[in-house]
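Chain identifiers are assigned alphabetically (A, B, ...) following the order of the sequence lines, protein sequences preceding nucleic acid strands; residue numbering begins at 1 within each chain.
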Amino acid sequence: MRRKPALAVSAVTVALALGLSACGGTSTTPQSSGEPGQPAAQDKADAALTGVFNPSTKKGGTIKLANSGDWDSLDPADTYYGYSWNFIRLYGRALTMFPGKPGAEGAKPVPDLAKELGKPSEDFKTWTYTLRDGLKYEDGTPITAKDVAYGVARSYDRETFPNGPTYLNELLNWPKDYKGPYKSKGADFSSAIETPDDKTVVFHLKQPFSGFDYLTQMSVTMPVPEAKDTGTKYQEHVISSGPYKFEKNEIGKGFTLVRNDQWDPATDPNRPALPDRYEVSTNVNADDIDNRLISGDLHVAVEGTGVQPAALSKILPDPALKARTDNPTLQRLWYTSINPTVKPLDNKDCRIAIQYAADKTGYVAAYGGTTGGEIATSLLPPGIPGYQKIDLYPSPEGKGDLNKAKEHLAKCGQPNGFETNISYRAERDKEKKTAEALKESLARVGINVTLKPYPLKDYFSLYAGKPSFVVKEKLGLAINGWGSDWPDGYGFLQQMTDSRVIRESGGSSNLSVRIPEVDKMFDQALQEADTAKREQLYAAIDKRVMEESVILPGIVAKSLLIRGKGLTNVMVNDGQQMYDYVAMGVQ
Amino acid sequence: MLAIVSMATFAIFFLVPRLAGATAEGMASRYVGRTATEETAKLAAERLGFNDPLIVQYGRYVKGIVAGAEYDYGAGVEQCPAPCLGYSFITRQPVFPDLMNRLPVTLSLAIGAALIWVLLGVGIGVLSALRRGTVFDRFAMIVALAGVSLPIFFTGLISLQLFAYGNPFNWAAQGGYYVTIEDSPARWAYGLLLPWITLAFLFAATYARLTRAGMLETMNEDYIRTARAKGLVERKVIVKHGLRGALTPIITIFGLDFGLLIGGAVLTETAYSLNGLGKYAIDAITNQDLPKVMGVTLLAALFVILANLIVDLLYAVVDPRVRLT
Amino acid sequence: MTAPLDVPESASHAAPEAVAAGAGRTAIQGRSLGQIAWMRLKRDKIAMTGAGIIVFLVLVAICAPIIVKLFGHPPLEFHREMIDQETQIPKDRFGGIGWDFLFGVEPVWGRDIFSRIVYGARISLLIAFLATLLSVGIGTVLGVTAGYFGGWVDTVISRAMDVFLAFPLLVFAIALAGVVPDQAFGLSGDTLRVSLLIFIIGFFNWPYIGRIIRGQTLSLREREFVDAARSLGARGPYIIVRELLPNLMAPVLIYATLLIPTNILFEAALSFLGVGVRPPTPTWGGMLADAARIYTVPHFAIFPGLAIFITVLAFNLFGDGLRDALDPRGNR
């Protein structure tokens with residue numbers, strides 16, 4: 001359910017190729033990855049997309065990072081930002097992880113604390129993990145299976161840790177009335193997680209789930225020693241299980257990581273742990289970050305969402321600067337929900353009229369132009385396995401087909417157009433621009449749209465995500481976006497199109513899709529053992545939603561990242577969709 | 001006074017949403033993350049005390065300031081010593097240390113700028129008054145008027161553009177640059193130079209106008225005539241008698257201005273991306289983080305009150321007619 | 001204070017008596033006071049320039065649709081052909097400035113900056129005028145009440161003014177403008193936002209004028225002509241309306257004129273911070289906020305900035321001149 005800015009999980013080589021061609025014909029030939037022995041790599045646009053830029057195994061140095069905002073939390077139970085899941089691997093180890101490898105390899109879970117990937121029971125309802133030997137916390141105490149179980153149990157308490165993902169809350173067979181280890185002190189939760197000995201963790205699921213290794217790579221399975229747990233204050237000093245530990249941490253300002261001497265590289269094949277230090281400052285002005293990246297004063301913009309518009313207009317015309325950028329295509333769709341609960345959009349033809357009337361080049365422009373995204377014609381981004389090209393409402397260059405739009409308007413009994421509202425998150429300039437663009441392009445066929453900004457914080461819980469509010473305020477259109485938590489069709493589509501995630505009390509990011517057939521197909525997919533068949537189902541869901549025209553796909557997001565000077569081992573892989581912080585080193 | 005300010009803040013945050021139809025759970029739901037269930041929202045509403053009548057909630061808050069409060073952080077209970085301004089609804093960090101963290105930034109900004117604007121404003125004002133009607137006077141007063149007419153978020157933008165982002169100069173620090181004075185006084189001043197100057201420009205203009213008016217008025221007073229008649233040197237007449245009289249209204253305004261500024265130079269901090277109290281306030285409002293907003297408004301009001309107090313004391317020093325007994 | 005350097009010393013000395021005596025006598029004198037002021041004002045070239053600009057701006061605001069039709073493009077119309085599709089900034093080096101687009105175009109959509117400035121004047125002036133009216137209304141009523149009746153009435157109102165003056169006003173205004181829902185009090189859209197801003201700006205600014213009026217009332221109350229009226233049996237309301245208010249017209253007028261530019265800045269600040277009138281309706285503050293995001297395109301910031309500057313300056317110049325003309329005691 002990651003709605004927050006940064007997250008996006010994967011894109012496969014197909015997407016990368018598309019990204020390259022869309023990026024305006026830079027003469028980029030795919031670099032062969034990992035040529036050792038090159039002292040300083042030549043700057044080249046998109047060099048970190050196809051392989052590893054400036055590969056190196058040299059240890060030492062300090063990487064300086066900056067965040068224009070702040071972490072939702074540094075606590076492994078309480079964080080949902082994509083960059084945070086990327087970064088947290090430096091100071092925490094989960095049962096499995098996305099390794100710091102280039103391309104698609106970086107999006108396949110590999111064992112981390114566990115010796116090997118989870119062993120499922122026949123019905124995919126029980127998953128067993130065995131821990132490696134010799135695992136220790138930063139204070140030298142051993143990491144046990146109980147600590148992993150405790151970590152998951154405390155993450156169950158979403159009142160204390162409101163930010164983290166809730167997949168395990170919903171999927172595991174928790175005891176009735178269980179409220180987490182603080183509120184239900186000492187309660188037995190072995191119906192959900194069992195630890196028969198110090199090395200074994202067994203998860204009991206309520207329903208089959210074939211992709212469980214994708215869930216255990218999330219930071220909620222990182223071990224937390226119960227004796228050192230301080231609830232909401234734990235984020236002030238997370239006890240490290242990874243190669244780095246906190247030296248100093250001032251929440252709201254920044255923190256420093258230094259090497260954790262208790263971490264044994266022999267237990268960890270996935271982390272090269274190159275730099276000696278990480279210095280992170282938070283709440284730094286975003287434009288300032290860009291300028292410092294360009295000048296070389298800073299290595300990484302932690303959020304990994306790409307440069308600001310001001311920097312964009314500086315970088316793109318300058319070949320030397322452009323050579324230092326990467327422009328990955330993300331697994332994130334920016335779209336607009338078309339709410340069939342609002343008249344006259346209850347009529348399918350009125351909804352289709354919107355598909356034809358919208359000028360999607362405006363959507364691209366709102367997101368910063370061709371480096372910000374490419375036009376989407378259906379829900380699944382090209383990188384997701386099972387993606388099929390679906391374009392039910394074609395128009396030249398995506399600029400809309402006004403004749404078709406008018407045809408459908410006539411069919412729905414509104415030949416002169418109609419009035420409706422469009423909601424967006426007030427703090428997001430790009431969404432404001434999208435709304436302005438849609439207003440402009442829909443007006444071409446007489447559909448008059450009024451802009452309705454709502455506070456970002458409450459957008460889903462109180463406003464656009466609350467069905468009764470949508471009806472009351474006649475929010476026919478709602479600007480929305482989605483990036484999946486793990487790279488498969490289920491992870492991407494379920495939260496945005498399964499009608500059962502819609503709650504009357506608000507909070508769902510699915511605003512408009514209520515198609516019983518789609519729900520059924522999801523259930524089918526969960527029980528389908530064959531990957532190819534599952535993927536077909538996802539494509540079918542995509543098509544079905546587009547037929548109903550309850551979502552207007554806007555663009556598949558792209559971001560323009562700038563490589564800090566002196567970085568080594570730089571890669572944008574499918575697991576992180578930004579620079580992989582575990583792999584990165586510095587000269 | 002503080003009570004009224006805090007009550008008004010409370011009212012804005014609770015009454016307005018209530019009037020708009022939000023329930024306790026609805027209001028709590030914005031602080032429990034998006035994935036929260038109704039159950040979680042209910043628990044949060046309980047923890048944050050949203051179900052209690054407004055007056056009880058307010059009472060609890062005041063009690064926290066006076067006597068401290070206890071805060072449940074999940075794994076245990078922590079004592080938050082008085083003055084406990086509560087814990088952020090969102091980051092769950094105590095508000096008071098946050099404020100103390102931000103205060104130096106705003107204080108640095110305000111003090112530096114105040115120094116410049118008082119010296120510059122009063123200086124130009126006096127000169128203008130003494131050379132009344134000359135080209136200097138006219139020019140200075142027009143510039144001053146222009147100064148008051150420029151919004152800081154515009155001058156901020158332009159000054160950054162001209163002097164920080166290299167169009168054409170690269171002399172000053174870019175937006176968001178701040179180093180504490182303990183770390184390096186030189187870099188501290190370097191980072192704040194532009195904000196100081198633009199802010200001072202805005203205020204200097206007002207002060208120049210006020211000083212000039214005040215000087216013109218006092219120089220016509222009888223006691224000045226007396227002083228001159230006594231045969232005092234003109235310079236002494238101006239400084240000791242003229243300026244003193246003219247300063248009284250300036251000090252009043254300065255107290256208010258400075259107090260308000262420490263409470264949060266919202267626009268300046270936004271324009272230059274400085275993480276001071278003003279930006280803290282804006283961010284808190286955006287996130288509807290009531291304890292933070294309460295904390296910052298209370299602090300701001302406190303500063304205004306303190307400043308007024310100091311002004312009253314200063315009167316005694318400047319104006320011989322006022323004697324505090 | 002800037003101005004009437006050419007007013008002879010004697011003229012200013014003559015005035016206080018005129019003020020003190022004027023209202024006490026017949027209406028003819030009252031008019032002549034106005035005439036004197038007008039004469040002074042007319043001679044004040046700087047103030048008259050300010051007045052000229054104000055008249056011009058008001059005309060621009062009123063005739064916005066006609067002006068835009070003649071010299072520009074509709075303020076919401078996109079001109080993406082003017083924009084580079086990769087960088088999203090105007091293709092032309094000077095931001096598209098030319099005969100077609102007098103002030104150039106905005107990045108991304110290529111909307112006509114000239115038209116947006118012209119339409120922005122409407123919002124800016126409308127809100128500033130009405131908010132000032134509100135402040136002056138509240139301030140005068142409460143100021144006169146406090147000053148005339150004294151006692152506990154005065155204490156309560158004066159306390160209230162102190163509280164308001166100590167408030168972090170901007171923070172409060174933002175909080176209030178931010179929490180009010182999109183439809184309230186039977187209004188919606190721009191109408192609601194404009195009314196809300198008028199209310200917020202007007203409401204928070206009354207103590208300044210209230211204080212001045214209170215002070216003036218306090219001194220007027222003790223004057224002979226009021227005593228005279230009272231001894232003739234006149235009651236409070238009559239005295240306030242017939243005796244005090246006419247004498248308060250001068251300060252009210254002066255401070256109203258000087259409050260307008262403050263309010264223009266206030267509105268611009270709120271729009272800049274994103275709690276003003278909602279986009280895409282053009283406002284000067286909102287345009288500056290947009291420009292701050294793309295600081296690499298200078299003309300985008302300069303025109304709205306200049307618009308605010310010139311408008312505020314014009315009001316300040318005129319207000320100053322007016323003060324000098326009406327209240328020559330200050331003769332600053």
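Rounded to the nearest 0.5 angstrom, R209(B) CZ and D320(C) CG are separated by 4.0 Å. How far OG of S149(B) is from CG of L265(C): 7.5 Å, rounded to the nearest 0.5 Å.
Heavy atoms of F272(C) lying under 4.5 Å from chain B belong exclusively to its side chain. Contacts between T270(B) and chain C at a heavy-atom distance below 4.5 Å involve the side chain alone, from C-beta outward. Only the side chain of L157(B) has a heavy atom closer than 4.5 Å to any heavy atom of chain C. Proximity to chain C is limited to the side chain of A281(B), based on heavy atoms less than 4.5 angstrom apart. No part of I152(B) comes within reach of chain C, as not one of its non-hydrogen atoms sits under 4.5 angstrom from that chain. Looking at L273(C), the atoms closer than 4.5 Å to chain B (heavy atoms on both sides) all sit in the side chain, from C-beta outward.
In terms of non-hydrogen atom pairs under 4.5 Å with chain B, the most contact-rich of L306(C), I310(C), L288(C) is L288(C).
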**OP:** Kindly indicate, with the supporting measurements, whether the criterion side-chain contact (heavy atoms from CB on, under 4.5 Å) is fulfilled by I308(C) and F154(B).
**Re:** CA-CA 9 Å; I308(C) 297 175; F154(B) 178 56; 6.0 Å; no
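Between I285(B) and V275(C) the shortest side-chain heavy-atom distance does not fall below 4.5 Å.
When all heavy atoms are compared, the tightest approach of L317(C) to L145(B) is CD2-CD2, 2.9 Å.
For CZ of F136(B), the number of neighbouring non-hydrogen atoms (other residues, nucleotides, ligands) closer than 6.0 Å is greater than 12.
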